[in-house]
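The structure appears right after this line, and notes come after that.
So that the names make sense, note that chain A is the first sequence line, chain B the second, and so on, each numbered from 1.
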Amino acid sequence: MFISYCQHRHSTPNPKAPALWMQDVSASYEDVADRVALKNISLSVTRGSSTALVGPNGAGKSTLFKVAANLLKNSSGKVEIFGQPLGACHQRVVYLPQRSGIDWEFPLSVLDLVTTGRYVYLGWLRSLEKKDYDKAWEALKSLSIEDLAHRQIAQLSGGQQQRVLIARALAQDADLLLLDEPLNAVDVQTRHIVQRVLNEQKAQGKTTIVATHYFKQEEGLYDNAVYLKDGEICTAS
Amino acid sequence: MHGILEPLQYVFIQRALLASVLVGVSCSFLGVYVVLRRISNIGHALTHSALPGIVIAFMCGANLFLGALIAVLFTALMIGFLSKDDKISEDTATGMMPTIMFALGVLLISASKSYRDMSSMLFGNILGVSNGDLWLIGTITVVIVLALVLCHKELQLFCVDRDYAQTIGINVEGLRLLLLILLSLSVVTGIQATGAILTNALLIVPTAAARLVVNQLIPLMITAVSMTVACCIAGVYCSYYFGFSSGASIVLCCGLCFGISWLFRAVQNRKR
């Protein structure tokens, strides 16, 4: 028996729709209502593409991801994921936040954290099965961190934390990956591994949107770029 | 051996020991989430909020336990409701509600002029547990354990990465409310053992002690539950043999447990 976490059942995506489509989307945080974090954003991200979301700190990159991940409600406009309204495709979208939002002191092993990527397929009352652990191990191996599987998350370095979060995203097997500064403040080895994994995801037909403010160093990684400044889409400068 | 078995001939001691096990399970099982989510001030808030419920129940001739339960649940729901407003943080709501509720309790006590009659609810008296209390504590414990087992993976994810939980569709506000309601229920069971003023210790101290020596979630829960049950039982024996207040004895046993864990960890760290 599958009792979904959300009120919508997992919906079948529209095969012709873009991975992410936004029309005139605005959003603001309630505690800073005077400042609109996103202003009339319209964009369409093609399936299977890799897109860089470029802008300085405070440009609205994380806010855009939060709207797309259904963490922040847009005050106006329309958002669709694979042609479905927000919330209808939870398992198809994964949002990888910057590392600060996670309690790294929690007594959990790396494998435990990566298997949380499978929860969306389990829903309430169902436990992890062998196939879920297999997926998690597969993700750990592709990030070259299988030797960390039983280590406590509190004992990880910054680069290892980033790889663990990407492994969880892979374990979820989502079709749209929203990655917030995944290459920021990581060691060279992690940077190479993450870049390889992003390329593999693209080769498998997954859509990736990566927030970055070091676009010049990463330019060759992406098919296209969307520039944000003060919450608005702007042209490259 | 005789010293351990001798008190068991008394029915009130048997009841007290059974209550100890139940209270230990309900408080420390939940205490793990309280400590790991760093919301120990909520436990403190809820225990102090029981006072007006106890006094009103006493004035009406109703079950004091039930009065405490209603007051604590009301406070939990109010904290949840008020902290939804972005201008009132959870921290502010948690600091504000118990002081208002406690002040109301003090005012009602002064109006009823019967402080002595409520001392067992304020400072705990596990030796005075009745069969009815035992049934209530037992039912609450079963509800708490069942809820925590059924929602274990979601609560774990909620504690470690709330945003991800929300992204995959988990109702995080609902989980927070569930945690508050379960916490209220466990606080009410703890009030019978250690009283409204000391119950927070049952939620926090054994888990904090276990956290010093255990690094994984399930072993942490098992250790915390074992320590709390052991401390409650030790407190009952202290109370029986030395005539100490049972609530204070239980809490001091928890404190001793923490001290031993702290020393153990300090020694381990020095060895490395």
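The CD1 atom of B:I218 lies 8.5 Å from the CG atom of A:D112; values are rounded to the nearest 0.5 Å. A distance of 10.5 Å separates CD1 of B:I168 from OH of A:Y121, quoted to the nearest 0.5 Å. To the nearest 0.5 Å, atoms OH (B:Y164) and CG (A:L71) are separated by 11.5 Å. We find the CG-CG distance between B:L36 and A:L108 to be 10.0 Å, quoted to the nearest 0.5 Å. Rounded to the nearest 0.5 angstrom, B:N215 CG and A:S109 OG are separated by 11.5 Å.
Minimum interatomic distance between A:G123 and B:E154 (heavy atoms only, all atoms of both residues): O-OE2, 3.6 Å.
Listed options B:V214, B:V172, B:L157, B:N171 were ranked by heavy-atom pairs under 4.5 angstrom with chain A; first place goes to B:L157. For the set A:T116, A:V93, A:V94, the count of heavy-atom pairs under 4.5 angstrom toward chain B peaks at A:T116.
Proximity to chain B among residues 145-154 of chain A is limited to A:Q152, A:I153, judged by heavy-atom separations below 4.5 angstrom. Identified by a heavy-atom distance below 4.5 Å to chain B, contributing residues of residues 72-82 of chain A are lacking entirely. For residues 221-236 of chain B, a heavy-atom distance under 4.5 Å to chain A picks out no residue at all.
In this structure, chain B has heavy atoms under 4.5 Å from both the backbone and the side chain of A:E105. When heavy atoms are compared at a cutoff of 4.5 Å, A:L113 approaches chain B solely by way of its side chain, counted from C-beta outward. Heavy-atom distances place the side chain of B:L220, and not its backbone, under 4.5 Å from chain A.
Salt bridge status for A:D103 with B:R38: present, with a side-chain N to carboxylate O gap under 4.0 Å. Between A:R168 and B:D161, at least one side-chain nitrogen of the basic residue sits less than 4.0 Å from a carboxylate oxygen of the acidic one, meeting the salt-bridge criterion.
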side-chain contact (heavy atoms from CB on, under 4.5 Å), that's the test. Do B:K153 and A:Y119 meet it? Break it down for me.
CA-CA 8 Å; B:K153 70 180 195 302; A:Y119 286 5; 3.5 Å; yes

Given side-chain contact (heavy atoms from CB on, under 4.5 Å), test B:L217 with A:F106 step by step and report yes or no.
CA-CA 8 Å; B:L217 188 59; A:F106 199 87; 4.0 Å; yes

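Put simply, the side chain of A:L125 reaches to within 4.5 Å of the side chain of B:L150, judged on heavy atoms.
A donor-acceptor contact closer than 3.5 angstrom is absent between the side chains of A:Y95 and B:Q166.
Legend: residues meeting ring-ring contact (aromatic ring centres under 6.0 Å, His included) with A:W124, ordered by chain and number and at least two apart, are A:Y5.
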